[in-house]
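In what follows, a single structure is set out as structure tokens and then discussed.
Note that the structure is predicted; figures quoted are calculated from it, not measured. Proteins come first, then strands; the chains are lettered A, B, ... in the order of their sequence lines, and each starts at number 1.
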Protein chains: 2
Amino acid sequence: MTGMENRIKELRKAKKMSQEELANHCRVSRQTINAIENNKYDPSLALAFELAKILGVTVDELFKYKKGENS
Amino acid sequence: MTGMENRIKELRKAKKMSQEELANHCRVSRQTINAIENNKYDPSLALAFELAKILGVTVDELFKYKKGENS
DNA sequence: TAAAGATGTAAAATATCTTTTACATTTCGG
DNA sequence: CCGAAATGTAAAAGATATTTTACATCTTTA
């Protein structure tokens, strides 16, 4: 749907964080986190790096790019 | 300026590619490559992954996130 | 089971990224 | 040096990401 898969929800839960806590950590809205977790759209590159840092993984580990484009 | 440093120009030249060739490879305009190389703005996450793949590195190797925000 | 907390969703406004067109300047091979 | 290729830049339009407000639906847990 966005050409990207991510492990944010999984890693966030492993850290027992709510969407709101994660949002506050990276200074975006809770809706932004929710939208990204549910693949409504991809984060900006800067936000991807913030998320990866907070969740303790690399950007490449956090996101998997699905080539071939979407529908 | 964008909160991000990148090694695109360096790696592109190492592969003896022009901005236009790289642009064609990832199906964006030459101006987009030029703007990103010169830090006018950051690429989308999807484009960051495309660029990394074409240049043979990971996203984390291609971009360095400079925390602390901008000006 | 009632209240609180967490999550999903939506519309409108704003910000950011990308394209297109167009032209100017720099770099490089003949 | 001359021409061609590569690069820098800019403005307007279009696409995508993010915020704000607001409300509905789970899911805890007391």
Exercise. Closer than 4.0 Å, any side-chain N/O of Q19(A) to the OP1 or OP2 of dG8(C)?
Worked result: yes
For this session: Indicate, with a heavy-atom threshold strictly under 4.0 Å, whether S18(B) touches base, sugar-phosphate, or nothing.
Result: sugar-phosphate
Exercise. Just checking K13(B): base, sugar-phosphate only, or nothing, at a heavy-atom cut-off of under 4.0 Å?
Worked result: nothing
Exercise. Does dT9(C) have OP1 or OP2 sitting under 4.0 Å from an N or O in the side chain of R30(A)?
Worked result: no
Exercise. Does N34(B) make a side-chain N or O approach to OP1 or OP2 of dG8(D) shorter than 4.0 Å?
Worked result: yes
Problem set entry | Donor-acceptor under 3.5 Å (D60(A) side chain, D60(B) main chain) | yes
Exercise. Between R12(B) and dT7(D), is there a side-chain N or O to OP1/OP2 distance below 4.0 Å?
Worked result: yes
Exercise. Once you round to the nearest 0.5 Å, how far does CG of L45(A) lie from CE of M4(B)?
Worked result: 3.5 Å
Exercise. Quick one: Y41(B) OH to dA15(C) C1', roughly how many Å, whole number?
Worked result: 14 Å
Seminar exercise, completed: Which of dT18(C), dG8(D), dT21(D) is nearest the side chain of L47(B)? It is dT18(C)
Seminar exercise, completed: Taking dG8(C), dT9(D), dT19(D) as options, the one with an atom nearest any side-chain atom of K9(A) is dG8(C)
Seminar exercise, completed: Atom CD1 of I36(A) and atom P of dT19(D) are separated, to the nearest Å, by 9 Å
Exercise. Is there a donor-acceptor contact under 3.5 Å linking the side chains of E5(A) and Y65(A)?
Worked result: no
Seminar exercise, completed: Closest to the 5' end of DNA chain D, once K40(B) and S44(B) are matched to their nearest nucleotides, is K40(B)
Problem set entry | Any donor-acceptor N/O pair, R7(B) side chain to L62(B) backbone, under 3.5 Å | no
Exercise. What about Q31(B): does its side chain form a donor-acceptor pair under 3.5 Å with the base of dT7(D)?
Worked result: no
Exercise. Between atom CG in L22(B) and atom C1' in dT7(D), what is the gap in whole Å?
Worked result: 14 Å
Seminar exercise, completed: Closest to the side chain of D42(A), out of dC17(C), dA17(D), dT19(C), is dA17(D)
Exercise. What nucleotide, of dA22(D), dT9(D), dT19(C), holds the atom closest to the side chain of T32(B)?
Worked result: dT19(C)
